[in-house]
K.L.:
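I have a structure here, written as structure tokens, and I will follow up with some questions on it.
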Amino acid sequence: MSELIEGKPGQRYLLMGNQAIARGALEAGVSVAAGYPGTPSSEIIENLAKVADEANMYVEWSSNEKVAAEVAAAASFAGLRSLCVMKQNGVNVASDFLLHLVGGGTRGGMVIVPCDDPGALSSINEGESRHFARMLEIPLLEPGDFQEAKDMVKWAFELSEQIGNLVMLRSVTRLSHASGSVKLGALPENRPRARFRHGGFVLDPQEGAVTSAPVAYKHVLQQEKLEKAESLFEDCPFNTYTGPENPELLVITSSACNLYCREAIEILGVSDRAGLLKLGTTWPLPKKLIRTHLENCSKVLVVEEVIPFLEENLKVLAAELAMEIGPRTIFAKRDKTIPSVGEMNPDYVIAALVKIFDLSYEAAPADYVEKAGLCVMAGAPGRDLTFCPGCPHRASYWTLHNVLALDNRDGFICGDIGCYSLGMRETGYYALKTMHAMGSGTGLASGFGKLDQFGMDQPIVAVSGDSTFFHSVIPALVNAVHYNADITLVVFDNSGTAMTGFQPHPGLEVDAMGHDAPSIDIESVCRAVGAQTTVCDPFDMELTRDILLEKITGKNGVQVLIFKQSCALSPEKKGKPRYEMHLDENICIGENCGCNKLCTRVFKCPGLNWDEKNQHARIDEVICAGCGVCASVCPTGAITKKERA
Amino acid sequence: MQIYGPGELLDDVLQTGLCISCGACVHLCPYFATWRGKTAMMFSCDRKQGRCHAFCPKTEVDLDQLSSKANNADYTGAPMGAYQQVFMARAGDKSGGGDFQDGGTVSALVRFALETGRIDAAVLTGRNGLMPSPGLVTHSGEVAAFAGSKYTAAPTLVSLNDGIKQGYGRMGVVGTPCQMTAVAQMRSNPMQDSDFSDPVALTIGLFCTWALDARGLLAFMEKRAPEEEILKIRIPPPPAGILVLETQSRTIEIPLDDIRSLVPEGCRVCPDMTAEWADVSVGAMEGEDGWNTLVVRSEKGLKLAEDAASAGYIVLADFPETSLSHLNTAAAAKKKRAFDRACSQGLVNTEKGGRAVLRVNKQALEKMISEPGGIHE
């Protein structure tokens with residue numbers, strides 16, 4: 001993204017929210033940025049990494065979010081501005097360090113950007129990060145549009161330096177991944193020199209050692225920083241009000257919901273009745289500002305996503321103010337005016353306004369909704385959530401499923417987050433039976449592997465991606481080896497953090513900025529911790545099956561099997577099929593006894609179709625990735641492969 | 001015989017414990033597979049009818065249909081099935097010798113059949129430790145490695161299905177009564193495939209009272225003898241009531257009562273002790289070490305026995321009357337036990353669309369479940 005660095009001040013660009021945040025970081029003069037990939041956050045680090053050399057920055061994909069926070073904090077301690085970026089789950093991982101960090105404070109401005117995923121569009125939980133700001137007792141900023149996404153970053157760094165502590169700037173999917181017009185600001189000329197000062201008085205925040213102890217003393221300082229932030233929030237340019245002086249209803253919102261509220265008010269034509277207080281600073285709430293607005297209005301609607309964070313904090317203020325300004329009616333999540341889970345949209349806000357104002361409103365005629373539904377049903381082909389053609393995971397799960405079925409002892413697989421989470425569905429033959437946080441599959445397996453003393457006799461398999469291996473599997477693997485749990489760990493090594501867009505990880509010979517980097521060999525790590533380790537190609541299905549059968553039979557402690565095969569979408573593979581595939585229609589027995597459409601009914605690679613008219617399978621040459629796996633699956637030898645020249 | 005699909009096979013056989021892992025359904029298609037003595041269904045298959053179900057010896061076995069095909073008559077319920085003659089037999093001088101269980105008759109007949117071109121391949125069962133390991137043999141020199149009783153349920157018929165795929169058209173199959181039942185059903189082309197041709201030229205049945213679950217036996221033995229040290233397993237004739245394990249260093253005797261729980265449910269409803277659907281059936285010879293009982297059933301079987309004897313591969317002798325009486329008693333007792341159990345579970349001649357394990361005419365059934373005191377045909 002050249003405009004990120006080449007764009008001139010005053011020029012306007014259409015930027016994705018994450019690009020806007022990245023440009024904001026550049027304008028703020030950030031020296032160090034670190035993160036771990038995770039949708040919807042990944043593009044921030046990706047974009048910064050691309051311009052790192054030009055901008056004289058250091059950017060890394062850390063092995064996990066806690067390490068990312070530590071790497072960024074080090075820069076702050078050395079007097080530089082630093083950014084750390086992650087999706088909402090990452091804050092959970094980083095939180096242990098963060099809780100210590102905020103007790104001791106920061107030096108160079110440090111901003112953490114979590115990108116939350118209301119509605120869990122690309123997550124398996126809806127957990128959010130705002131409550132971490134309250135728990136960590138740090139200021140929380142939430143941009144309400146794309147311009148703010150950029151501008152607020154610089155403001156956040158200034159705030160961080162004014163109070164000497166971490167600042168959280170929270171985005172959500174609809175800001176991070178949608179695009180808007182952004183007017184650029186200037187890029188700084190110089191960066192400070194890095195130096196960690198530690199020789200001064202031990203309690204000196206700029207010259208002493210950095211730690212959260214003594215807690216009784218430091219915690220007081222920390223809360224004073226938060227109070228300072230609150231007072232700065234009273235005049236923050238990102239808290240805006242639009243609407244009549246004395247509205248019938250005060251709508252209070254933040255983040256992407258700002259856009260939904262504006263749209264709803266406009267559609268209903270109630271801008272003369274409803275005022276919109278858009279808050280950019282949502283923790284701590286600026287009390288005086290809130291009071292000014294509450295004084296002018298007796299009814300309040302709070303619009304936010306997921307947990308009632310803004311609502312609860314507002315209610316605390318309202319309760320404190322009630323003796324002076326009288327009680328206020330607050331419509332929000334707790335009274336069900338606003339849904340308590342999932343993403344918001346303009347329709348939800350419209351519904352809330354219609355209820356409060358007692359309006360009648362029909363978004364679309366009922367028959368239109370019905371017809372649209374029918375069109376969707378009839379016109380759009382049914383598509384499964386499925387692995388890509390040529391995806392190594394399909395072959396891997398085929399073998400894993402078959403081995404566990406053959407073994408016939410009700411074995412199961414514990415897994416976690418990645419493309420391979422689809423193992424819970426048909427495309428993974430329903431082989432995956434537990435799915436939690438990154439690394440949890442191996443930790444759970446370690447636990448299951450010790451239940452034999454209570455009569456458990458099922459084989460236990462854990463699966464992990466290669467990036468996940470470095471992120472959080474290693475401690476669980478060490479645990480399993482140390483306690484001699486009878487488990488088999490299968491590492492799906494597809495040579496990159498595939499699900500989030502192929503970001504490099506410590507197992508690769510390249511870093512986020514495209515520079516050469518020493519790679520860490522997963523096999524050697526596993527061997528070093530004492531696991532019996534084998535590497536094989538999941539496309540060699542017979543050999544893989546035999547190795548896996550041997551590993552899960554018998555009680556042999558921790559066994560590791562590394563399935564090494566690059567992602568079908570990896571740059572070195574995409575568009576370069578290895579095999580020319582051929583399906584002989586005369587050999588294919590289709591639905592007959594002996595096959596019954598194994599390839600199209602069960603194996604289900606999207607590159608294979610069922611020809612209903614001629615009653616045989618066929619290869620879809622447009623999307624076939626030429627991996628050759630279906631030739632091993634076909635029971636009659638109708639599918640053959642030929643190495644391409 | 002009623003033919004259903006893989007779903008019914010899963011419900012009625014695999015999930016009820018009736019499966020004795022004979023291998024009849026394995027390698028016909030990708031849906032059934034075997035590993036370490038157990039048959040598993042890999043994926044669901046929605047066919048209404050399948051060869052897997054049609055061949056299975058533990059569901060919808062119609063004894064009258066089998067009898068009609070083999071003997072042109074309804075099933076009589078005779079304890080040892082239909083046969084022409086019973087001999088005492090053992091391997092002859094030309095058989096090549098080997099580490100036989102008893103008289104070596106089976107190995108000798110297989111070698112003879114291979115060497116005379118009566119069969120182009122033999123489906124046999126070997127042993128890998130305690131795990132039964134089926135094999136397809138085309139040279140008589142390979143036969144000796146498969147000698148000896150296994151006493152474990154074995155997926156022997158996998159090798160038959162493999163042999164068909166490899167194009168063998170005159171195979172000899174050595175197997176237990178359940179496996180002979182499956183082979184007989186398979187040879188009747190129950191699915192009426194238009195391109196069917198009988199791939200089997202000879203069937204040699206093995207007497208069997210029951211088999212042991214291979215995985216169960218392995219787990220049982222784990223605490224008693226290292227698997228790799230076991231040289232031979234023997235169950236001496238009654239009333240010994242023991243299983244004898246010979247290892248490199250010692251002989252271990254295990255009371256049969258200790259291992260009876262390892263007998264699969266499928267064996268408990270099996271009415272066939274003497275492998276009634278084979279050309280010839282072979283078992284131990286009571287009271288005569290080094291000899292077998294050889295039951296000759298078909299014309300082909302008689303010719304094989306006679307020719308093998310003339311050629312010196314086997315030695316035949318008259319079968320003592322008392323032994324025949326004992327054999328009949330034992331075979332009748334197995335029938336009664338099996339039908340009593342199967343009837344009590346509602347698995348025989350089920351009506352109104354209910355699926356049966358066994359079907360047989362009323363007369364024979366009544367004969368088999370009446371007290372088998374001293375039956376002697």
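Quick note: numbers below take in every heavy atom, side chains included, and nothing from hydrogens, waters or symmetry partners. Here is how names work: the chains are called A, B, and so on, in the same order as the sequence lines, proteins then strands, and each is numbered from 1. Just so you know, these numbers come straight off a predicted model, no measurement behind them.
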K.L.:
For B/Q179 and B/T176: C-alpha separation, side-chain torsions, deciding distance, then whether side chain to side chain donor-acceptor pair (under 3.5 Å) applies.
P.N.:
CA-CA 5 Å; B/Q179 291 166 345; B/T176 52; 3.2 Å; yes
K.L.:
For a side-chain contact (heavy atoms from CB on, under 4.5 Å) with A/L548, tell me which candidate from A/L543, A/L406, A/L561, A/V461 qualifies.
P.N.:
A/L561
K.L.:
Are there donor-acceptor pairs under 3.5 Å across chain B and chain A? List atom names and distances.
P.N.:
{"unit_1": "B/Y31", "atom_1": "OH", "unit_2": "A/C595", "atom_2": "O", "d": "2.6"}
{"unit_1": "B/Y31", "atom_1": "OH", "unit_2": "A/N596", "atom_2": "O", "d": "3.2"}
{"unit_1": "B/Y31", "atom_1": "OH", "unit_2": "A/R601", "atom_2": "NH2", "d": "2.9"}
{"unit_1": "B/T39", "atom_1": "O", "unit_2": "A/N408", "atom_2": "ND2", "d": "3.2"}
{"unit_1": "B/M42", "atom_1": "O", "unit_2": "A/H401", "atom_2": "NE2", "d": "3.2"}
{"unit_1": "B/S44", "atom_1": "O", "unit_2": "A/R601", "atom_2": "NH1", "d": "3.2"}
{"unit_1": "B/S44", "atom_1": "O", "unit_2": "A/R601", "atom_2": "NH2", "d": "2.9"}
{"unit_1": "B/D46", "atom_1": "OD1", "unit_2": "A/N596", "atom_2": "ND2", "d": "2.8"}
{"unit_1": "B/R47", "atom_1": "NH1", "unit_2": "A/E591", "atom_2": "O", "d": "2.9"}
{"unit_1": "B/R51", "atom_1": "NH2", "unit_2": "A/C593", "atom_2": "O", "d": "3.3"}
{"unit_1": "B/R215", "atom_1": "NH1", "unit_2": "A/D407", "atom_2": "O", "d": "2.5"}
{"unit_1": "B/R215", "atom_1": "NH2", "unit_2": "A/D407", "atom_2": "O", "d": "3.0"}

K.L.:
Does some side-chain heavy atom of B/V61 sit less than 4.5 Å from a side-chain heavy atom of B/T181?
P.N.:
yes
K.L.:
With the side chain counted from C-beta on, respond yes when B/V26 and B/L157 share a heavy-atom pair under 4.5 Å apart, and no when they do not.
P.N.:
no
K.L.:
Using non-hydrogen atoms and a 4.5 Å limit, figure out which bit of A/L404 sits close to chain B: side chain, backbone, both or neither.
P.N.:
neither
K.L.:
Does the side chain of B/F220 reach to within under 4.5 Å of the side chain of B/I254, using non-hydrogen atoms?
P.N.:
yes
K.L.:
Within the 4.5 Å heavy-atom criterion, are A/P389 and A/P606 side-chain neighbours or not?
P.N.:
yes
